Structure formats: structure tokens, C-alpha cells
Amino acid sequence: MSFLLGSGAGFSGDRTDAAVAVVDELILRGEPCALVFETLGERTLAAAQRRMREDPEGGYEPLIEELLEPVLEKCVSHGIRILGNFGAADPAGACRRVDALAKRQGLMSVKLAEVFGDDIRERIGQLDLEPWEAELGQLPEDGALVSANVYLGAAPLVEALRLGADVVVAGRVADPALFLAPLVAHFGWAWDDWDRLAAGMMAGHLAECGSQVSGGYFADPGYKDVPGMARLGYPIIEVEGDGRLVVTKPAGSGGRVDERTVKEQLLYEVHDPSHYLTPDVVVDLSEAEVRCIGRDRVEVTGIRGKPAPARLKTTVCYDAGWQGEAEISYAGPNALARARLAADTLRERLSFRAPGDLRSRFDIIGHVSVFNDDDGKLALAREQSLDGDYRLRLAVEHAERRWVERATQELMALYCAGPAGGGGVRRYFQRRLLSASWLVRREDVMAGARCHDSACGRKHVGDMEESET
Amino acid sequence: MTSMTATTGPRRLHDIAHARAGDKGDRLNLAVFAYDERDYARLVTIVNESRVLEMFAHRGATQVRRYLLPKLSGMNLVIDNVLQGGVNGALNLDGHGKTLSFLLLSMPLVVDDTA
């Protein structure tokens, strides 16, 4: 019998009703399964850490209740374990929130476990660090450090499952480890069974971005058409004990699972495909193959594993001044010329109204914006109709808030003191976070799991007894 | 002459391939796949490291590495220093570089006659 992995969310800000159809399908199938919420991006954790300074309940995923509310009761009553990194900077706080939700729903014995050990902010000065391969920067000064979190592997999540948790609340863990953990707990895979660990990790990799493997982030009308985009079915991965895996989605849902959707996600954020680093195994995808074996069913084979790396990746986030953006629109006859005049006027204003170390960028949205470089070289090389619908955008950064405010206010002043017909000004600014990646020695990381309350501790039926962990 | 195929057949990479972008720090990966496996050899010829580097040079790209995946009729391109600081550092609207898969797909299929 296979083990089913369902995805309920693929990032912080994802659809919050996606898990409903997945859970219904998991219940219908009646096989052993788990539901995973992945809601933690590179910066999300630092943002949570910063929110927590001002709001004691701000340290975990703000949508946690919205995500769990429609499925918690169904999952608990059908024995579907839930794992999520929605604990962000405060897994204990998230547990309290889930506990309150459960009690409100009349679920008196939901067992929660939190994963700890990813937060190394207090210790980072004493640890042996190596820069991540693409990292050039220095460690920030102590005062600027906002967060430092290790990407944990599946082991502490497995520990949480073995404590009997119905809901496992983690902070920073490698995203696919959230999916590998229930497989290890269920099949009893050994921690040096590299090919199986690699297959499980890639099952997680395929599902961790939610609909990105089942028709999301894929549609290109006339080239790659996707039916039912408003009701995309989030993925379900069927995994066998020997590591065979099939990607599918709930019957009757929108979206599609085909060889192309699976290929695009297989290599998403991968660098060397023969050496994809994860905390628990180095994955070799160079011989991987995908094969459609039915409607919305794709089998992935040929995934190989190599021994886990000696060091674990750590993301360090730190305060780095302020950033701001402001925009104004020009449309109709000669709009591009008016937008360019607005840009030139603003550039000249900033040269004497703001300090020389203000970093700035000008885009004309509708002409060339996202493909451009910071100096606008690509836009200058491209001809375009002067008539149209264009939007001047200014982006700035500076160590001091007042200069970011001043610069964006200068764009706003184009309302009256700029070219004819400008409108629709939007302006905002915020603290700027920078991040850097470092590698810590595996043995320096002390991670584990603990029960949130005393109800936690009984075994779930179907779990393997402790294997060689 | 290649100009005939240029006007009647596929004109740019977007006509024969699909792609997805992903980022880590200031490094971008673009996974590119031929729709039809018979176009894979053509993909390998056209989407080479130097052409890709040229296409992203205006953004300061310093290096392109290409990993071929014949069993997937595709390749993975890893481009360094193309994100102008990456998601956290960039002033660009799209700090992740997520839209850049479609910059790659705008690559002409016909190599300049003078090249």
C-alpha cells in the first residue's frame, strides 16, 4: 500500500482553501497519509521575528488559523497527520493558537508537538561557519541581526510524529523534509538508505510549492493551457515503500498534472541536478525520468541519493536600512514621453534634494521594467509607441528613513509639479531586510521535538517502531 | 537561407520550449524543456552558455553553467549575479527574477547570419 502526501499550501500567502479538496480526497482513498503546509520563504521567518518584537502573537504564520480551520477536525478524526513550518519564529506560540482553535472546534484531545533547534541566533557568534557557495558577504553586526535559522532535516519531525502528534509545528526545516518525515515514520526507512531518502525528498520537492506541480505557475495561453485555474487541485504524491512515486491531484479539481508540469517543478530552484543538497541526502536527478501513466498521473523514476552533507545551510537575516517605492501613471497620447519627462525631472530633483548615497532605480512599467537592469540600459535600446498606458516607478533605499520618505515624497509631488495628466500615485516604505546564507556543522545543531501538552505521547496506529535512528 | 523558416516556422524559443525560473540568493536557475523531444538537439545547439550570458549581460550576469538532462528533453541553466542583489537586495520590481524565464524564451531561434 502506498503512503499519500497531500499539500495544503506552498507558500505564505497561498490559497487558504486549497487543503479542503486534498483532505476530502485523502479520506476517500483511505490509505495512510499526511497533509503538509509549507508557508516559510527565505525572508518570511525574519519578518516574523521582527513582528514578534512588537506583537507577542506575531511570530508565527498569520494565516495559520485560516489554513487549519476548514480541515483540522476532518484530519484529526481520520488520523491524517498534519505537518507545517507555520511555526516560523515561534512554534510554541503557533501551538497555542492551534490548541485554542481545536478547543473552539470541540476537539479536546488534539496532540501538538513543536520542533526546536533551528533558531541559532543566540549562538551564531560561537559557531564554526563557512560561507554558502554563492555567498560573498560578511556576517552582520550583532545589533543588526534579526534571525539566524538552520534548515533542519526530517529527523526532528519524525521525532515529533513518534511522540504521537496530530499536528507537528515547525519553524525552519528544509521544505521537502516536511514530506520526507511521515514517509520515514511510516516505512521505517533508515537514515542511510540514500536512494529511498532521495525519492522521499523529491516527493517533497515536487509538492512543497503546492499547485506549482499541478497546473499553477504554468499556464501560457495557447501554448500550455490549464483548465480550472480558479479551483486548482493541490498535489497528492503517492509513495511506495521502495521509493516509487506518482504525482496526482484530487479527482474533479482544476489544474493538470502532466509530464511538463512535473518537469518544471522537478528542477525548480535546483542548481547542479546531479548534486541537489538537502539536509538528509544529496539527490542525483541526472537519470530521473517522468512518465504519464494516466490522466493527471505522472510517475517519476530514476532518482538516486548520495550521503548527506556534513554541513547544514543557515539563513541569516539582518536589518539594512529602509526601502521605498512610489508610482505614477501616464496614459493616452504621448504618454511614454510624459512618463520619461517625469523620470528625468524626478532624477534631477533627487540630485539636490537627497544625499548622494541614496540608491535609486527608475522603471517605466509598460515599456521595459522587470527585465531591465538598475541603470535602464535595456529600455534605452528599445523603441516603443509613445501612446499607451505607462507607469513611472521609483524604488529607493537608504540607511535613514527620512531620505526614503523624502525621495518617495518627491515622486508624489509630480502630481502637481510634473508633466500633464499624471495620476494614481501610490507610495510606501518599509524597513529593509537582507539575508545571507552560511553553513554550520551538523554536530553543532541541537534539534528535536517536544509535546505541546500532556495529551501528547500515545503512538499512532501504523507507525513503525523506532528504527535505526 | 534561414530567413524562410524564420517567417514560416518557429521564430523564437517560446515556440518550441517552456521554462521556469527559480532563485537562491543572487543566483537564478532557469529550467528549459523542449515541448517535443525531437527539438531537444536543436535546444542544445541554440541555448548555449555564451548566448545565455549575452542575453543577461545587461543585468550584470557573470557566469552561466548549463546542465543537460536528455532524459527530460531539457536543461538547467544556472546564472550568477543576475538578480541585482536578489530578493532581499534588489530594487527591481521582481527581486526573485521570476519573470526572467520569459526573457530567455524570447531568444531568437535563428542565429544571426553574420555570426
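Source: prediction; values computed, not measured. Chain naming here is simple, since letters A, B, ... match the order of the sequence lines and numbering starts at 1 in each.
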Exercise for the section: Kindly check if the number of other-residue, nucleotide or ligand heavy atoms within 6.0 Å of CD (B/Gln63) is above 12? Expected result: yes
Exercise for the section: Step through the shown structure and confirm whether more than 12 heavy atoms of other residues, nucleotides or ligands are within 6.0 Å of CD on B/Glu37. Expected result: no
Handout entry: chain B contact residues among residues 264-274 of chain A, heavy-atom distance under 4.5 Å
Key = A/Glu264, A/Gln265, A/Leu266, A/Leu267, A/Tyr268, A/Glu269, A/Val270, A/His271, A/Asp272, A/Pro273
Exercise for the section: Report the C-alpha separation of A/Asp363 and A/Arg393 in whole Å, then their side-chain angles, then the decisive distance to 0.1 Å, and conclude whether the salt bridge (charged side-chain N to carboxylate O under 4.0 Å, His left out) test is met. Expected result: CA-CA 5 Å; A/Asp363 287 301; A/Arg393 168 181 179 266; 2.8 Å; yes
Completion exercise
Assert top hit (heavy-atom pairs under 4.5 Å, partner chain A, pool B/Ala31, B/Gly74, B/Gly60, B/Ala19) equals B/Ala19
Completion exercise
Note: vs chain A, highest number of non-hydrogen pairs under 4.5 angstrom among B/Asn29, B/Leu100, B/Val78 is B/Asn29
Handout entry: Part of A/Ala288 lying under 4.5 Å from any heavy atom of chain B
Key = backbone
Completion exercise
For residues 19-45 of chain B, the ring-ring contact (aromatic ring centres under 6.0 Å, His included) pairs (sequence neighbours left out) are B/His18-B/Phe33, B/His18-B/Tyr35
Fill in the blank from the handout: Checked A/Val290, A/Asp375, A/Asp220, A/Val396 vs chain B; the most non-hydrogen pairs under 4.5 Å come from A/Asp220
Practice task
Could you tell me whether B/Glu49 and B/Arg66 make a salt bridge, using a distance below 4.0 angstrom between a side-chain N and a carboxylate O?
Solution key: no
Fill in the blank from the handout: So CG of B/Leu83 and CG of B/Asn92: to nearest 0.5 Å the spacing works out to 8.5 Å
Practice task
With sequence neighbours excluded, tell me which residues meet side-chain contact (heavy atoms from CB on, under 4.5 Å) with A/Glu289.
Solution key: A/Thr301, B/Lys71
Handout entry: Pi-cation contact, A/Phe362 with A/Arg347 (under 6.0 Å, within 45°)
Key = yes
Practice task
State whether the number of non-hydrogen atoms from other residues, nucleotides or ligands found under 6.0 Å of A/Arg431 atom CZ is greater than 12.
Solution key: yes
Exercise for the section: Under 4.5 Å, counting heavy-atom pairs only, tell me which of A/Thr315, A/Leu285, A/Val370 racks up the most with chain B. Expected result: A/Val370
Handout entry: Basic-acidic side-chain contact under 4.0 Å: B/Asp80, B/Arg27
Key = yes
Problem - Region of A/Glu325 in contact with chain B, defined by heavy-atom distances below 4.5 Å - result: side chain
Handout entry: Contact winner vs chain A - B/Leu72, B/Asp94, B/Asp15, heavy-atom pairs under 4.5 Å
Key = B/Leu72
Exercise for the section: Pick one of side chain, backbone, both or neither for A/Arg359, based on which atoms fall under 4.5 Å of a heavy atom in chain B. Expected result: both
Problem - Contacts of type salt bridge (charged side-chain N to carboxylate O under 4.0 Å, His left out), residue A/Arg291, not counting sequence neighbours - result: A/Glu299
Problem - Residue part contacting chain B, namely of A/Ile365, when any heavy atom lies under 4.5 Å - result: side chain
Exercise for the section: Give, as side chain, backbone, both or neither, the part of B/Met55 having an atom under 4.5 angstrom from any heavy atom of chain A. Expected result: neither
Practice task
Kindly compute the distance separating CG (A/Leu350) from CG (A/Leu346), expressed to the nearest 0.5 Å.
Solution key: 4.5 Å
Completion exercise
Bottom line for B/Leu69: the part with an atom under 4.5 Å from chain A's heavy atoms is side chain
Practice task
Please look at A/Lys377 and chain B and tell me whether the side chain, the backbone, both or neither of the residue comes under 4.5 angstrom of a heavy atom of that chain.
Solution key: side chain
